[in-house]
**Student:** 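Handing you this structure, nothing more for now.
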Amino acid sequence: MSRNDIIDVEARSADEAQARSDSLKTWGWVSYILHLIVAVAAVIPGAQVSIALLIIALVMDLVKKDDAVGTWQESHFKWRISSVIWAGVLYVLTFPLFILLYLPGAIAWALISIWFLYRIVKGMVRMNANQPVHG
């Protein structure tokens, strides 16, 4: 085996690693965009979109998260998944406010929606810079 053969193997490994990274980033962008559509619609009164987009993004993240283990993108999958779970829990916990008094429920949901939008935008900015996202 010559020195060139070793370089070819290393080059192929680097190409495979880059292809994996690019694939994960594409999945991440699709997921972030779906999250962003839902987050923006949640902040704009009357612009609600189907929760199906959020569920699709969540399922995508759950399916692909294991592929990102050990990469800088792993944090983005965890970030998106935890953002959806926390937002969902907070919406459910504050739902009784709508039943008792509309205004406190509307305020709580507005704050949760703004928090969710912030997390999605922060994640997108960090991913665009090829950096992990941290709480």
**Student:** When rounded to the nearest 0.5 angstrom, what is the spacing between CG in D22 and CG in D15?
**Tutor:**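 Output value for this atom pair is 10.5 Å.
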**Student:** Can you confirm whether more than 12 heavy atoms, excluding those of W29, are under 6.0 Å from its CH2 atom?
**Tutor:**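 Count over threshold, so yes.
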**Student:** Report yes if some heavy atom in the side chain of F77 is under 4.5 Å from a heavy atom in the side chain of M60; otherwise report no.
**Tutor:**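 With C-beta onward as the side chain, the pair stays apart.
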**Student:** Is it true that, when you exclude F98 itself, more than 12 heavy atoms of the residues, nucleotides or ligands shown sit nearer than 6.0 Å to its CZ?
**Tutor:**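 Result for CZ/F98: enclosed.
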**Student:** Do H76 and L24 make a side-chain contact, defined as non-hydrogen atoms from C-beta onward lying under 4.5 Å apart?
**Tutor:** no
**Student:** Mind checking whether M124 and I120 have side chains closer than 4.5 Å, heavy atoms only?
**Tutor:** yes
**Student:** For the pair K122 (side chain) and H134 (backbone), establish whether a donor and an acceptor sit closer than 3.5 Å, ignoring hydrogens and angles.
**Tutor:**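 Present.
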**Student:** So, taking the atom named OH in Y91 and the one named CD1 in I112, what distance separates them when rounded to the nearest 0.5 Å?
**Tutor:**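 Rounded to the nearest 0.5 Å, the OH-CD1 separation comes to 6.0 Å.
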**Student:** Shortest non-hydrogen contact from S31 to R80?
**Tutor:** OG-NE, 3.1 Å
**Student:** For the hydrophobic clusters of this structure (ILVMFWY residues joined by side-chain heavy atoms under 4.5 Å, transitively), does one cluster hold both L90 and I51?
**Tutor:** no
**Student:** Distance check, rounded to the nearest 0.5 Å: Y32 atom OH versus R119 atom CZ?
**Tutor:**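 Atom-to-atom, Y32:OH and R119:CZ are 9.0 Å apart.
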**Student:** Hey, quick one: are V63 and V69 part of the same hydrophobic cluster, counting side-chain heavy atoms closer than 4.5 Å, chains of contacts allowed?
**Tutor:** no
**Student:** Taking all atoms of both residues into account, what is the closest heavy-atom pair of A108 and L97, and its distance?
**Tutor:** CB-CD1, 4.1 Å
**Student:** With a 4.5 Å limit on heavy-atom distance, are the side chains of L62 and I81 in contact?
**Tutor:**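 In contact.
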**Student:** Do side-chain atoms of S82 reach the backbone of K78 as a donor and acceptor pair under 3.5 angstrom?
**Tutor:**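 Yes, S82 side chain to K78 backbone: donor-acceptor pair under 3.5 Å.
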**Student:** Is there a chain of hydrophobic side chains (I, L, V, M, F, W, Y, each step under 4.5 Å between heavy atoms) that links I55 to V92?
**Tutor:** no
**Student:** Within the distance-only criterion (no hydrogens, no angle test), does the side chain of S113 pair as donor or acceptor with the backbone N or O of V43 below 3.5 angstrom?
**Tutor:**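 No, the answer is negative, given that no donor and acceptor are paired below the 3.5 Å cut-off.
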**Student:** Quick check: do L54 and F116 have side-chain heavy atoms less than 4.5 Å from each other?
**Tutor:** yes
**Student:** Answer yes if F95 and W86 sit in the same cluster of Ile, Leu, Val, Met, Phe, Trp and Tyr residues linked by side chain heavy atoms under 4.5 Å apart, and no otherwise.
**Tutor:**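 Cluster IDs for F95 and W86 differ.
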**Student:** Return the minimal non-hydrogen interatomic distance between A57 and L34, and the atom names on each side.
**Tutor:**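 Shortest heavy-atom contact: CB-CB, 3.9 Å.
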**Student:** List, by chain and number, the other hydrophobic cluster members for I107, where Ile, Leu, Val, Met, Phe, Trp and Tyr join if side-chain heavy atoms come within less than 4.5 Å, directly or indirectly.
**Tutor:**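 I107 clusters with L103, L111.
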**Student:** Can you list every side chain to side chain donor-acceptor pair (under 3.5 Å) pair that touches residues 99-110, not counting sequence neighbours?
**Tutor:**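 For residues 99-110: T94-W109.
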**Student:** For the side chain of R20 and the backbone of D67, is there at least one donor-acceptor N/O pair under 3.5 Å apart?
**Tutor:**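 Yes, the answer is positive, given that a donor and an acceptor are paired below the 3.5 Å cut-off.
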